[in-house]
Amino acid sequence: MSLKSERRAIHVDQSELLCKKGCGYYGNPAWQGFCSKCWREEYQKARQKQIQEDWELAERLQREEEEAYASSQGAQGGQTSLGFTKFEEKKSNEKARKVTTVKKFFTASSKSVPKKDMKEAKAPSPSLTRQYSIETDRVSKDFIEFLKTYHKAGHDVYKQCKVFLETIHHKKESNIDELSEFTQDFYQNTADKLQMYWKVPPNKVEEAMDQIEKFIMTRLYKHVFCPETTDDEKKDLTVQKRIRALHWVTPQMLCVPVNEDIPEVSDMVVKAITDIIEMDSKRIPRDKLACITGCSKQIFNAIRITKNEPASADDFLPTLIYIVLKANPPRLQSNIQYITRFCNPSRLMTGEDGYYFTNLCCAIAFIEKLDAQSLNLSEEEFSRYMSGQASPKKQDTDIWDADTCPGVKQMHRNLDLLSQLSERQERIVTGAKKLEKDLIDWTEEVTREVQDIVEKYPLHIKANSQALASIDSENVEDDRLPPPLQPQVYAG
């Protein structure tokens, strides 16, 4: 039985990547499956509905207050008509003031900037007149040079961008979603004006929008990337911890069709990891998307070389998940949210950038929900791997595919050997400790037994009363001694 036949590959149908409203653009999990355009429409509908419901609630509460007041006044019929008239006039004025306040509170904020704010925006704020960084200055000069080719339209675009930046400065206390919506509206209105009013060709409009995004987001990056008012940082830590806990996941578990034993493929995997990590160092949403696109193209090339045929979508997504697990990119969720909120929406809705970005969002969602069933493991195995109590063992020889990476096989063999050595070491250490204890016990027992014998049978040495005669003494009294030996001479 082959490994592929046992494991269920990760499959995402092409239709699942598209907007669930059926408009044909790419959807996004951050937009609940809608594309940028449909999400904004749904968001506006929900917002208008909430405003309407709040307004109806305010009117109902106002009516109940009036009815309660009228009933209480009806019970007091003894008041003079003049005093009642003055009180009613005062009450009417108070009611008008309350209704006006409620209307101001629940009315949707206008997208256009008030004239007073427009006048104030002409005067640069202290935060925008500070010394810009070298990169910001370079981007500004490049943007001005670029707009010169658009003549009057370029002058108008530059003016609108400056007004937009000043307005954002005045809205710095606003919610990040409101800033995102305001930015998306600016992109849409600017593109429409270039195409309809200034009659700029579509390809030139797209090029201009890229430069506009670069110009404004270089200045807004540190204010709108991972702001303190959101939980982006908390999500970053959660995803990073989750990926770190899944370090044991092997390519075979994900059915990754990449053979890293091939040097060229191994280099492409390293480049893909480098690209996805480099995304965090970019400041412009388009540049971050370019890193995702570069990573994805390296993956497609690695699959193509491994299989000797073009890669499919079913091959791409598992490999992308594997690359994300190996790379563990920094601030992954913050970068995804930043792109979603402030990137030119046309890039996320169509084209290869939108396709790769949608797949990356799907990969992150899969990692967050990954469980034992996703990897065709038992719950016990999955729990042991996640807790670090065990690591995946080498698979039996008869279930290895012929094209399985030799490096993977060697890795499993090494893991088996390390496991066996670890077990042997534990047994040796246990035996050594037992031997040491036995030696100590034996020494104590022998010492105790010797002491008992000495105490039971003490040794008494008696002194000899008769002195011993020296064997060389001339005064020999013992005649039983043998005669001395005499030398003998033998004739030759």
Side-chain angles (χ1 to χ4, degrees), residues 10 135 210 213-214 217-218 221 225-226 232-233 235-307 310-311 313 315-340 343 347-348 351-368 370 405 407-408 411:
I10 302 170
E135 181 182 0
D210 290 341
E213 177 189 300
K214 182 178 181 180
M217 295 315 302
T218 302
Y221 174 77
F225 180 83
C226 192
D232 292 350
E233 185 176 2
K235 291 180 179 178
D236 288 336
L237 296 176
T238 301
V239 171
Q240 194 173 49
K241 183 178 179 181
R242 174 69 172 173
I243 293 176
R244 194 180 296 118
L246 293 170
H247 68 279
W248 49 267
V249 176
T250 63
Q252 287 71 32
M253 293 179 180
L254 297 171
C255 298
V256 175
V258 169
N259 185 0
E260 293 186 67
D261 193 49
I262 303 175
E264 188 177 1
V265 173
S266 178
D267 291 342
M268 290 177 178
V269 170
V270 172
K271 290 178 181 178
I273 293 174
T274 303
D275 285 339
I276 196 70
I277 292 176
E278 191 180 358
M279 173 178 63
D280 186 59
S281 65
K282 304 299 181 181
R283 301 177 65 181
I284 307 168
R286 179 168 59 90
D287 291 346
K288 292 182 181 291
L289 273 180
C291 291
I292 298 174
T293 301
C295 169
S296 302
K297 289 183 176 180
Q298 294 291 347
I299 291 174
F300 269 104
N301 291 334
I303 297 173
R304 177 180 56 81
I305 294 175
T306 300
K307 299 181 66 176
D315 294 332
F316 170 66
L317 183 58
T319 311
L320 179 60
I321 294 171
Y322 174 65
I323 293 296
V324 173
L325 289 175
K326 288 194 69 174
N328 197 359
R331 300 193 292 185
L332 184 56
Q333 282 288 0
S334 291
N335 282 288
I336 294 296
Q337 291 295 334
Y338 177 70
I339 294 172
T340 301
C343 184
R347 282 192 170 273
L348 300 183
E352 62 178 7
D353 288 345
Y355 174 77
Y356 295 141
F357 179 74
T358 304
N359 274 275
L360 178 60
C361 293
C362 292
I364 297 172
F366 177 85
I367 291 172
E368 291 176 338
L370 190 144
C405 174
V408 174
M411 179 187 69

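Here the CG-CD1 distance, from Asn328 to Ile243, works out to 4.5 Å after rounding to the nearest 0.5 Å. Within the model, atoms CD1 of Ile367 and CG of Leu325 stand 4.0 Å from one another, a figure rounded to the nearest 0.5 Å. Between atom OH of residue Tyr355 and atom OG of residue Ser296 there is a gap of 9.0 Å, rounded to the nearest 0.5 Å. Remark: Cys361 SG to Ile292 CD1 distance equals 7.5 Å, nearest 0.5 Å.
Legend: residues meeting side chain to side chain donor-acceptor pair (under 3.5 Å) with Gln298, ordered by chain and number and at least two apart, are absent. Residues meeting the salt bridge (charged side-chain N to carboxylate O under 4.0 Å, His left out) test with Asp210, sequence neighbours left out: Arg347. Contacts of Thr293 classified as side chain to side chain donor-acceptor pair (under 3.5 Å), with partners at least two apart in sequence or in another chain: Asp353.
Panel note: side chain Arg242, backbone Leu370; a donor-acceptor pair is recorded below 3.5 Å.
The stretch residues 283-300 participates, sequence neighbours left out, in these salt bridge (charged side-chain N to carboxylate O under 4.0 Å, His left out) pairs: Glu135-Arg283, Lys297-Glu352. Counting only residues at least two apart or in different chains, salt bridge (charged side-chain N to carboxylate O under 4.0 Å, His left out) contacts with residues 249-269 comprise Glu260-Lys326.
Between Ser334 and Glu233 the shortest side-chain heavy-atom distance does not fall below 4.5 Å. Contact check for Ile323 versus Cys295: side-chain heavy atoms found under the 4.5 Å cut-off. Counting heavy atoms from C-beta outward, Tyr356 and Ile299 have side chains that stay 4.5 Å or more apart. No side-chain heavy atom of Gln333 sits less than 4.5 Å from a side-chain heavy atom of Asp232. A heavy-atom distance below 4.5 Å is found between the side chains of Val258 and Val265. Taking the side chain as every heavy atom from C-beta outward, Phe300 and Thr319 never approach each other to under 4.5 Å.
For the pair Gly354 and Thr358, the tightest heavy-atom approach, listed with the atom from each and the gap, is O-OG1, 2.7 Å. Leu332 approaches Asp236 most closely through the heavy-atom pair N-OD1, 3.6 Å. Considering every non-hydrogen atom in both Asn359 and Leu317, the closest pair reads O-CD1, 3.7 Å.
With a 6.0 Å radius and a threshold of 12 heavy atoms from other residues, nucleotides or ligands, Glu368 has its CD atom above the threshold.
A side chain to side chain contact (heavy atoms under 4.5 Å, CB included) with Leu360 is found for exactly one of Leu289, Ile321, Ile336, namely Ile336.
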Between side-chain atoms of residues 272-281 and protein atoms elsewhere (two or more places apart, or another chain), which donor-acceptor pairs fall under 3.5 Å?
unit_1 : atom_1 : unit_2 : atom_2 : d
Thr274 : OG1    : Val270 : O      : 2.8
Asp280 : OD1    : Arg331 : NE     : 3.0
Asp280 : OD1    : Arg331 : NH2    : 3.3
Asp280 : OD1    : Asn335 : ND2    : 3.1
Asp280 : OD2    : Arg331 : NE     : 3.4
Asp280 : OD2    : Arg331 : NH2    : 3.3
Ser281 : OG     : Glu278 : O      : 2.6

